[in-house]
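A quick write-up on the structure given underneath.
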2 protein chains.
Amino acid sequence: MAEALGFRDVKAGILDRIRGGDWPPGTRIPNEVELAETLGCARATVSRAMRELADDGVLDRRRRAGTWVATSPVRQARIEIPLVRAEVEATGARYRYALVSRDRMAAPNWLRARLGLPEGCPVLHLACAHFADDFPFQYEDRWINLSAVSAAARADFAAEGPNEWLVANVPLSEAEIAFSAVAADAEVAANLSLAPGEPVFLCERTTRLDGEAITLARLHFGRGYRMTTVL
Amino acid sequence: MAEALGFRDVKAGILDRIRGGDWPPGTRIPNEVELAETLGCARATVSRAMRELADDGVLDRRRRAGTWVATSPVRQARIEIPLVRAEVEATGARYRYALVSRDRMAAPNWLRARLGLPEGCPVLHLACAHFADDFPFQYEDRWINLSAVSAAARADFAAEGPNEWLVANVPLSEAEIAFSAVAADAEVAANLSLAPGEPVFLCERTTRLDGEAITLARLHFGRGYRMTTVL
DNA sequence: AAAGTGGTTATGTCTATTCAAATACAGTCC
DNA sequence: GGACTGTATTTGAATAGACATAACCACTTT
């Protein structure tokens with residue numbers, strides 16, 4: 001009969017019944033044991049399928065209570081945040097990187113407040129341009145905390161972007177990401193070939209290691225950029 | 001010694017060794033059996049820990065080959081996309097909804113092309129305003145394919161936003177989401193109390209059921225909106 | 001040398017069993 | 001009636017064992 005029913009099949013079966021209208025949002029669906037029996041597989045298989053669907057926000061589960069089809073799909077989208085190089089090359093364009101400026105300084109107050117740095121903390125400020133077939137693709141405003149990553153002071157970032165350098169030289173860490181729309185200031189406009197005031201898609205990423213700020217990246221994307229995902 | 005080592009502990013242990021620099025990016029890490037032995041737990045526990053870390057983009061796994069610390073870590077972020085009401089109320093503000101306009105028409109060409117609709121396809125066009133404490137929070141430009149969701153023609157959307165109605169009345173479906181920054185046109189500016197041309201954070205969501213387009217939502221967010229996530 | 005073959009190995013998955021944790025519900029006590 | 005408590009139920013998680021699958025590798029064949 002049912003040969004080797006895998007957790008993917010179980011997931012698909014549950015989704016089919018939801019999509020088909022058998023189990024509208026809010027429905028309480030059969031428990032793990034029942035489903036396992038009707039489908040002819042082990043409870044662990046159903047459990048994994050249900051757990052993953054709950055992770056995706058499709059199901060709501062509560063112990064002792066049961067499992068329901070989620071009513072408010074507080075759905076999570078997974079967005080991929082590739083390295084700029086990979087993102088550009090994925091479109092078939094040629095990637096080019098250029099260092100615009102590189103300055104060592106004491107952290108300005110807004111940066112200290114934002115990253116929680118002590119007064120006079122040495123930082124490296126980089127401005128980088130990323131091109132796709134010589135069209136400006138991204139303008140990167142990068143700040144690196146030198147008291148946390150002193151090795152960065154000895155890197156010149158002429159050939160390699162700071163992101164690639166950091167990924168290769170600093171161990172994995174926590175990050176906070178924010179997306180917003182801002183108006184291009186003079187500097188951003190000049191580097192992205194925009195008129196000042198044009199809307200710019202901005203990705204700000206703060207990276208920490210054990211709570212200590214490593215770097216702040218402000219990635220300004222060129223005109224017409226869309227960040228897309230499916231779910 | 002190590003009593004009841006759970007998959008969370010294993011995950012934390014692996015992350016610690018990565019963060020601590022023991023296993024820099026690119027390192028091949030011990031296989032499941034070895035790790036299970038050294039940690040004193042079952043292979044399935046290590047397996048789940050490693051699988052979840054691979055899902056998060058922290059590890060790369062290949063059958064027969066082994067498991068490596070990912071060289072480009074911050075690969076994917078999960079962003080939550082709640083209903084507007086929940087998003088507003090989470091900030092402590094009072095949520096208010098208002099229907100700005102509601103028109104039934106044949107789908108315009110740009111919409112037909114975008115959603116793959118036949119000529120003359122009936123659609124419902126809604127413009128909705130969402131407020132947080134009477135400040136404009138989001139302006140929603142919504143198109144609903146009436147040949148797929150005919151019941152929508154009988155809903156007036158005066159008290160309830162189309163998103164909430166759709167979530168409750170149309171079964172789960174696939175969605176495509178795109179984020180971008182655009183300049184406010186006259187209509188958007190008026191509804192968000194902005195000056196025309198100001199940058200607006202735009203979320204466009206296309207929803208399909210078995211390939212048939214259900215709805216297109218263009219969600220324009222008010223000034224200063226930031227979509228944030230941690231990972 | 002090129003192409004195919006089979007074995008080895010690491011991950012992927014399923015089963016069966018057991019225990020743990022959370023909690024809705026009923027029943028008890030004041 | 002209202003607060004507390006115990007128990008049954010359901011999910012959560014760990015274990016051991018088995019088999020499946022993909023891929024690398026050495027070896028054989030052509």
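Residue numbers start from 1 in every chain, and the chains themselves are labelled A, B, ... in the order their sequence lines are given, proteins ahead of strands.
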Could you tell me whether the phosphate oxygens of [N], OP1 or OP2, come under 4.0 Å of any side-chain nitrogen or oxygen in [X]?
| X | N | value |
| --- | --- | --- |
| A:Arg8 | C:dT13 | yes |
| A:Thr45 | C:dT13 | no |
| B:Arg51 | C:dT11 | no |

If you look at every strand shown and take non-hydrogen atoms under 4.0 Å, does B:Arg48 touch a base, only sugar-phosphate, or nothing?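 Answer is sugar-phosphate: B:Arg48 comes under 4.0 Å of backbone atoms only.
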Just to be sure I understand the rule, does A:Ser47 reach a base, reach only the sugar-phosphate, or reach nothing, if contact means heavy atoms closer than 4.0 Å?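 Nothing: the residue A:Ser47, judged by heavy atoms under 4.0 Å, touches no strand.
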Which nucleotide sits closest to the side chain of [X]: [options]?
| X | options | answer |
| --- | --- | --- |
| B:Ala42 | D:dA16, C:dT11, D:dG12 | D:dA16 |
| A:Phe7 | D:dT15, C:dT13, C:dT11 | C:dT13 |
| A:Asn31 | D:dT10, C:dT13, D:dT15 | D:dT10 |

Distance check needed: [N] [atom2] versus [X] [atom1], whole Å only.
| X | N | atom1 | atom2 | answer |
| --- | --- | --- | --- | --- |
| A:Glu32 | C:dA21 | CD | P | 17 Å |
| A:Leu59 | D:dT10 | CG | P | 17 Å |
| B:Leu53 | C:dG12 | CG | P | 12 Å |
| B:Asp60 | C:dA10 | CG | C1' | 15 Å |
| B:Arg43 | C:dT15 | CZ | P | 16 Å |
| B:Met50 | C:dA10 | CE | P | 12 Å |

Once the angle between the rings of B:Phe157 and B:Trp165 is folded into 0 to 90°, is it parallel (under 30°), tilted (30 to 60°) or perpendicular (over 60°)?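 Rings of B:Phe157 and B:Trp165: perpendicular, as their planes differ by over 60°.
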Pair listing, salt bridge (Lys or Arg N to Asp or Glu O under 4.0 Å) test, anchored in residues 157-170 of chain B, at least two apart: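 Qualifying pairs, neighbours excluded: B:Arg85-B:Glu164.
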With nearest nucleotide decided by heavy atoms, which residue, B:Pro30 or B:Ala44, maps closer to the 5′ end of DNA chain C?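 Mapping each residue to its closest nucleotide by heavy atoms, the 5'-most match is B:Pro30.
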Check the pair A:Leu126, A:Glu140 against side chain to side chain contact (heavy atoms under 4.5 Å, CB included), reporting the backbone distance first and the verdict last. CA-CA 8 Å; A:Leu126 303 166; A:Glu140 173 178 1; over 6 Å; no
Only pairs at least two apart or in different chains count here, so list each side chain to side chain donor-acceptor pair (under 3.5 Å) that has a residue in residues 29-38 of chain B.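 Matches after skipping sequence neighbours: B:Asn31-B:Glu34, B:Glu32-B:Arg43, B:Glu32-B:Ser47, B:Glu32-B:Arg61.
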Identify, with sequence neighbours excluded, every residue that meets side chain to side chain contact (heavy atoms under 4.5 Å, CB included) alongside [X].
| X | answer |
| --- | --- |
| B:Arg223 | B:Leu194, B:Glu198 |
| A:Ala158 | A:Asp156 |
| B:Val84 | B:Val88, B:Tyr95, B:His130, B:Phe137, B:Gln138 |

Enumerate all atom pairs, one protein N or O and one N or O from nucleotides 24-26 of chain D, separated by less than 3.5 Å.
residue : atom : partner : partner atom : Å
D:dC24  : O4'  : B:Arg64 : NE           : 3.4

Side-chain donor/acceptor contact of B:Arg61 with base of D:dT21 under 3.5 Å: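 No such pair is found, so the answer is no.
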